[in-house]
Q: 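I have a structure here, written as structure tokens, and I will follow up with some questions on it.
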Amino acid sequence: MAITAAMVKELREMTGAGMMDCKKALNETNGDMDAAVEFLRKNGQAKAEKKAGRIAAEGLCTVALKDDKAAAVVEVNSETDFVAKNETFQAFVKSVAEQAVASDAADLDAFMAEGWIEDSSKTVKDALVEKVAVIGENLNIRRFQKVVAENGCVVSYVHGGGRIGVIVEAETSTVNDEVKEAMTNIAMQIAALNPKYVSRAEISKEYIAHEKEILLAQIMNDPKESQKPEKVINGMIEGRVNKELKEICLVDQVYVKAEDGKQTVGKYLEEISKAVGTKVTVKSFVRFETGEGLEKKQEDFAAEVAAQMGAM
């Protein structure tokens, strides 16, 4: 399979690996992008797949709350940052969030077919089409997620003027200002450090096994580390897995406001539970970041890569 400059560019953005390494990986895997990512990771040239974290599209994320028991976060994309700062666009995104928190739609198609919250004679899709005509730029309601607290409350946090939207669901029999403040602090933590799970209990055995496989391959490809005894290598793998889990599991992360710089989010929750006299836990969270997984055209960079590949 012919390896194109665009493929090298995409793999480079996904992994952060060097251009030549990306070209080699694609050649070794016959252009299979997922296999090329694995190849780079096993050779220690990419720490992790970054595809899901690429931020390229413009737009806004925002959250709507209803009585501390329900919340919805939405992402609405625009073509330019200029439109994202437009008051008309911002008001529309806010209305979409209000629609979402009142909605029972199970998916985006059902959501788009609902009667518009501001005019039931129109659908949400109709309202979007009208807004495109008014603003003069292509807009897209990309996604939404609603969270309803069964035993506790929900809090929200919007960062960077709408770049990141977070919902945290607390499970507790006591809902007061102290609990809400604690959950808001944790929402800020989630916005800043982007955990993937609440705790290790949510992580599948398959995921752990796969990460260990990657780490073993990295060690075996290192001339010095590969010569170490099997027991030492196994210990290295366990240590590195634990380090990764501390980064991706919310309760294992160091709390961003920890005075000693060591207190974990889990310990902070224990502290809050003691203060309010009842157990307080994070049951779930949602974090949307504008443009996650989307890519904006970068013609000049693609041309640069093509030129460099042509000179090889």
Side-chain angles (χ1 to χ4, degrees), residues 1-61 75 77-82 84 138 140 142-143 159-160 163-164 191-197 206-226 237 240-241 243-248 287-312:
M1 180 180 181
I3 305 304
T4 66
M7 293 168 67
V8 174
K9 172 178 174 287
E10 181 180 357
L11 183 60
R12 187 180 182 185
E13 290 177 346
M14 287 169 65
T15 63
M19 186 177 67
M20 294 300 294
D21 292 329
C22 289
K23 184 184 178 185
K24 180 181 178 182
L26 287 165
N27 281 323
E28 290 287 338
T29 58
N30 197 31
D32 185 317
M33 198 64 65
D34 291 335
V37 172
E38 289 287 289
F39 180 89
L40 289 169
R41 290 193 67 195
K42 287 179 178 179
N43 284 280
Q45 293 158 331
K47 293 182 179 179
E49 185 176 359
K50 294 183 178 180
K51 184 176 181 179
R54 286 206 307 262
I55 308 303
E58 305 298 345
L60 292 174
C61 292
E75 178 186 356
N77 297 127
S78 60
E79 290 184 59
T80 65
D81 182 53
F82 177 77
N138 188 33
N140 178 45
R142 185 185 178 207
R143 54 180 173 163
H159 178 76
R163 187 169 67 85
I164 298 172
L193 297 184
N194 194 16
K196 305 301 181 187
Y197 307 94
E206 290 76 17
Y207 176 87
I208 300 295
H210 180 257
E211 290 305 296
K212 287 183 176 180
E213 178 188 335
I214 295 294
L215 290 168
L216 178 60
Q218 291 176 358
I219 290 171
M220 290 298 100
N221 281 311
D222 186 296
K224 292 183 178 179
E225 292 187 342
S226 62
I237 290 172
R240 292 176 186 179
V241 168
K243 182 177 183 294
E244 179 184 348
L245 295 184
K246 286 181 180 179
E247 293 174 353
I248 64 175
R287 181 187 187 275
F288 279 9
E289 186 162 352
T290 304
E292 276 179 317
L294 298 178
E295 184 179 0
K296 187 162 49 179
K297 290 182 180 179
Q298 296 178 334
E299 301 295 344
D300 290 343
F301 180 73
E304 177 189 338
V305 173
Q308 291 186 47
M309 287 185 69
M312 292 173 192

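As the structure is a computational prediction, the values presented were derived from the model and not from experiment. For this chain, numbers begin at 1 and follow the sequence in order.
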Q: Return the CG to CE distance between Asn27 and Met7, rounded to the nearest 0.5 Å.
A: 9.0 Å
Q: Report the distance from atom CD1 of Ile237 to atom CD1 of Ile219, rounding to the nearest 0.5 Å.
A: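 So the CD1 of Ile237 and the CD1 of Ile219 are separated by 4.5 Å.
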Q: Kindly give the heavy-atom pair with the smallest separation between Asp81 and Glu58, and that separation in Å.
A: N-CG, 3.4 Å
Q: Carefully, step by step, assess Ile208 and Leu245 under the rule side-chain contact (heavy atoms from CB on, under 4.5 Å).
A: CA-CA 9 Å; Ile208 300 295; Leu245 295 184; 3.9 Å; yes
Q: Applying side chain to side chain contact (heavy atoms under 4.5 Å, CB included) between Leu11 and each of Leu26, Ile3, Thr29, report the one that passes.
A: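 Result: among Leu26, Ile3, Thr29, Leu26 is the only option passing the side chain to side chain contact (heavy atoms under 4.5 Å, CB included) with Leu11.
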Q: Could you state the interatomic distance from NZ (Lys24) to CG (Asn43), rounded to the nearest 0.5 Å?
A: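 Output value for this atom pair is 6.5 Å.
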Q: What residues form a side-chain contact (heavy atoms from CB on, under 4.5 Å) with Tyr207, not counting sequence neighbours?
A: Tyr197, Ile203, Ser204, Glu211, Glu244, Ile248
Q: Looking only at heavy atoms, which two atoms of Ser78 and Gly59 are closest? And how far apart?
A: OG-N, 3.6 Å
Q: For the CD1 atom of Ile214 and the NZ atom of Lys42, what is their distance to the nearest 0.5 Å?
A: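 Here the interatomic distance stands at 5.5 Å.
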Q: Give me the atom names and distance for the closest heavy-atom approach of Arg142 to Gly291.
A: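 For Arg142 versus Gly291, the nearest heavy atoms are NH1-C, 4.0 Å.
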Q: Specify the closest pair of heavy atoms between Ile164 and Ala191, including all atoms of both residues, with the distance to one decimal.
A: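 Scanning both residues, the minimum pair turns out to be CD1-O, 3.7 Å.
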Q: In sequence, state the C-alpha distance, the side-chain angles, and the governing distance for Glu75 and Thr290, and then conclude on side-chain contact (heavy atoms from CB on, under 4.5 Å).
A: CA-CA 7 Å; Glu75 178 186 356; Thr290 304; 4.2 Å; yes
Q: Determine, for Arg240 against Glu225, whether the closest basic-nitrogen to carboxylate-oxygen distance falls under 4.0 angstrom.
A: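 Yes, Arg240 and Glu225 are salt-bridged.
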Q: What is the minimum heavy-atom distance between Thr15 and Cys22, and which atoms define it?
A: OG1-SG, 4.2 Å
Q: Is the shortest heavy-atom distance from the side chain of Arg287 to the side chain of His159 under 4.5 Å?
A: no
Q: Would you name the heavy atoms of Ala36 and Ala25 that are closest together and state the gap between them?
A: O-CB, 3.9 Å
Q: Would you compute the distance between atom CG of Asn77 and atom CG of Asn140 and round it to the nearest 0.5 angstrom?
A: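 CG of Asn140 is found 5.5 Å from CG of Asn77.
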